[in-house]
2 protein chains.
Amino acid sequence: MPDTDIRVLVVEDEAIAAEAHTAYLGRLTGFVHAGTATDGHTALRLLSAAASLGQPIDLVLMDMTLPDLHGLDVSRRMRSAGLVTDIIAITAVRDLQVVRGAVAAGIVQYLIKPFTYATFAQKLAQYRDFRLQLGTPSALTSQTDVDQAFASLRTPSELPRPKGLAEGTLAAVVDFVKTRSRPISSSEVMDELGMSRVTARRYLEYLAESGSVLRSPRYGTPGRPENEYSWRR
Amino acid sequence: MPDTDIRVLVVEDEAIAAEAHTAYLGRLTGFVHAGTATDGHTALRLLSAAASLGQPIDLVLMDMTLPDLHGLDVSRRMRSAGLVTDIIAITAVRDLQVVRGAVAAGIVQYLIKPFTYATFAQKLAQYRDFRLQLGTPSALTSQTDVDQAFASLRTPSELPRPKGLAEGTLAAVVDFVKTRSRPISSSEVMDELGMSRVTARRYLEYLAESGSVLRSPRYGTPGRPENEYSWRR
DNA sequence: CACCGTTGCGGTCATACTGTTCACGATGCG
DNA sequence: CGCATCGTGAACAGTATGACCGCAACGGTG
């Protein structure tokens with residue numbers, strides 16, 4: 001459905017970086033590259049042109065360091081112009097003031113260069129989920145619904161590995177879950193990997209929390225329901 | 001330390017609501033009520049006055065429905081003026097466009113009226129955590145750090161669920177009931193979700209008790225009448 | 001129209017099995 | 001040897017299930 005595709009404008013002065021972003025975009029479903037601007041004024045012009053043509057840009061990948069304007073200035077001018085386009089900031093600068101300003105300017109994600117494709121994809125996927133949740137008009141019925149939408153925007157997909165989890169064990173569990181196409185329970189991991197149920201569960205739970213595996217209760221048998229975990233690509 | 005207290009401006013045209021918000025604020029540590037505005041222009045004037053006095057407002061509790069301007073307009077004008085003050089939106093309107101606009105205008109939290117003090121306190125506490133993480137200049141060293149800071153704005157805990165109800169199961173049932181426009185019986189939930197009738201009924205009954213779902217008996221067939229449940233918006 | 005058998009869901013338990021917690025033992029590192 | 005990190009067993013708590021009984025409407029029957 002091209003109708004629901006998210007139209008993306010890349011704002012980046014370095015040609016190589018701009019091409020990289022565009023290439024990354026092409027690998028994601030649901031996103032369309034709608035143009036590239038190499039400075040702030042061009043970006044603003046493209047944005048209003050697209051809006052008046054009835055094909056507004058949905059999302060801007062905005063580099064913060066531009067030749068003419070700072071990315072934050074571009075964002076602020078967009079807001080002044082009444083554009084509700086969402087913005088993902090891309091920057092090499094880890095500046096506190098910039099982050100604070102970014103939040104105030106309504107920037108939905110903040111990517112620090114250099115980043116891997118995986119990181120890029122995750123941030124955009126989160127944004128896509130966010131839009132999806134807001135996309136259905138009937139969805140917004142309660143505080144919880146709004147909270148959910150905000151959560152998908154702001155929950156990091158990659159949690160730092162907390163204490164109590166060993167790298168080797170984690171790798172073993174990840175490997176095991178990956179090889180099974182069927183959802184598995186913590187008991188199965190216990191049996192197959194020879195670890196205790198407690199340990200198996202701790203790792204699976206961490207993976208579920210970090211979003212790498214899907215968790216859902218398994219019904220049908222007496223007793224407390226068993227959670228089953230399946231690797232999500 | 002009054003130095004680190006968060007200075008809050010309440011923007012609300014109804015006196016009773018404004019007082020309530022102020023009273024709520026007083027019960028929280030780390031926040032100071034810095035003033036109240038009953039319309040958008042006054043709010044903007046107070047904000048720039050405070051900023052030029054060197055005592056900028058850190059946070060605005062902004063009602064969306066004001067006599068002169070829409071809350072979103074006030075937010076946009078704040079951004080145009082270069083104010084990095086954070087904003088928590090308070091509104092009775094569950095409007096998709098408003099939520100989208102709110103995100104674009106850099107609104108950090110979105111509270112739907114009416115809300116309990118618990119909800120209010122939770123949202124503000126989350127905001128305080130967010131500031132705390134951005135407050136230490138050395139903290140921002142990696143993508144993970146930024147992610148963590150954003151994450152404190154997400155909803156960490158939901159309302160306390162009574163014992164005996166699993167979070168995942170409840171979510172599944174709520175989701176199922178929501179998607180059906182027709183009233184459904186516990187047997188249908190049993191069949192569709194693969195759980196037992198007892199379990200399905202327990203969750204439906206809880207939802208009916210808590211008021212999010214409507215319950216009424218269904219006549220016309222032999223046997224004891226069946227209760228049917230329908231989502232109430 | 002009053003009564004009664006039939007029917008099928010409502011409501012309650014004991015039960016079964018897992019999730020969760022806790023304190024301790026094992027392992028590694030300085 | 002002391003400290004931090006991790007895995008484990010055991011005890012406790014949580015939660016879905018099957019079975020069972022009772023109830024409320026239906027539909028004959030007199």
| request: Output yes when at least one side-chain N/O atom of A:Thr221 is less than 4.0 Å from OP1 or OP2 of D:dT17, else no. | output: no

| message | I need the CZ-C1' distance between B:Arg201 and D:dT15, as an integer number of Å. | response | 15 Å

| What integer distance in Å separates A:Met190:CE from D:dG7:P? | 16 Å

| request: Verify, without hydrogens or angle tests, whether B:Arg128 (side chain) and B:Thr29 (backbone) share a donor-acceptor contact under 3.5 angstrom. | output: yes

| request: To the nearest Å, give me how far apart CG (B:Leu165) and C1' (D:dT17) are. | output: 16 Å

| message | With side chain to side chain donor-acceptor pair (under 3.5 Å) as the test, pick out the partner of B:Ser187 among B:Arg197, B:Glu192, B:Glu226. | response | B:Glu226

| said: Just N and O in the side chain of A:Arg202: are any of them under 4.0 Å from OP1 or OP2 of D:dG7? | reply: yes

| said: Does this structure show an ion pair linking B:Arg182 with B:Glu188, if we count only N-O contacts that are shorter than 4.0 Å? | reply: no

| remark: Atom CG of B:Leu204 and atom P of C:dC9 are separated, to the nearest Å, by 15 Å

| When you check the phosphate oxygens OP1 and OP2 of D:dG7, does a side-chain N or O of A:Tyr203 lie under 4.0 Å from one of them? | yes

| message | Starting the side chain at C-beta, find the nucleotide from C:dG19, D:dA16, D:dA25 nearest to B:Tyr219. | response | D:dA25

| field | Phosphate OP1/OP2 of D:dG7 contacted by A:Ser196 side-chain N/O (<4.0 Å) | value | no

| note | Residue pair B:Ser187/A:Val198 against DNA chain C: nearer the 5' end by closest nucleotide is B:Ser187

| request: List for me each residue that meets side chain to side chain contact (heavy atoms under 4.5 Å, CB included) alongside A:Val198, sequence neighbours excluded, and say none if there are none. | output: A:Ser196, A:Arg202

| field | Separation of C:dT18 P from A:Glu188 CD (nearest whole Å) | value | 11 Å

| query | What's the CE-C1' distance between B:Met195 and C:dC17, to the nearest Å? | reply | 17 Å

| task | Identify whether any heavy atom of A:Thr169 sits under 4.0 Å from a base atom; if not, whether one sits that close to sugar-phosphate; answer base, sugar-phosphate or nothing. | result | sugar-phosphate

| query | What heavy-atom pair brings A:Phe115 and A:His21 nearest, and what distance separates the two atoms? | reply | CZ-NE2, 3.7 Å

| query | How close or far is atom P of D:dC6 from atom OH of A:Tyr206, stated in whole angstroms? | reply | 12 Å

| remark: B:Leu170 CG to D:dT15 C1', in whole Å, measures 13 Å

| message | Measuring from the side chain of A:Glu226 (C-beta onward, heavy atoms only), which nucleotide among D:dG7, C:dG19, C:dC13 has the closest atom? | response | C:dG19

| said: Does C:dG10 have OP1 or OP2 under 4.0 Å away from a side-chain N or O of B:Arg197? | reply: yes

| Taking the nucleotide of DNA chain C with the closest heavy atom to each, which residue, B:Glu228 or A:Gly223, is nearer the 5' end? | B:Glu228

| request: For C:dG19, take OP1 and OP2 only and decide whether either is under 4.0 Å from a side-chain N or O of A:Ser186. | output: yes

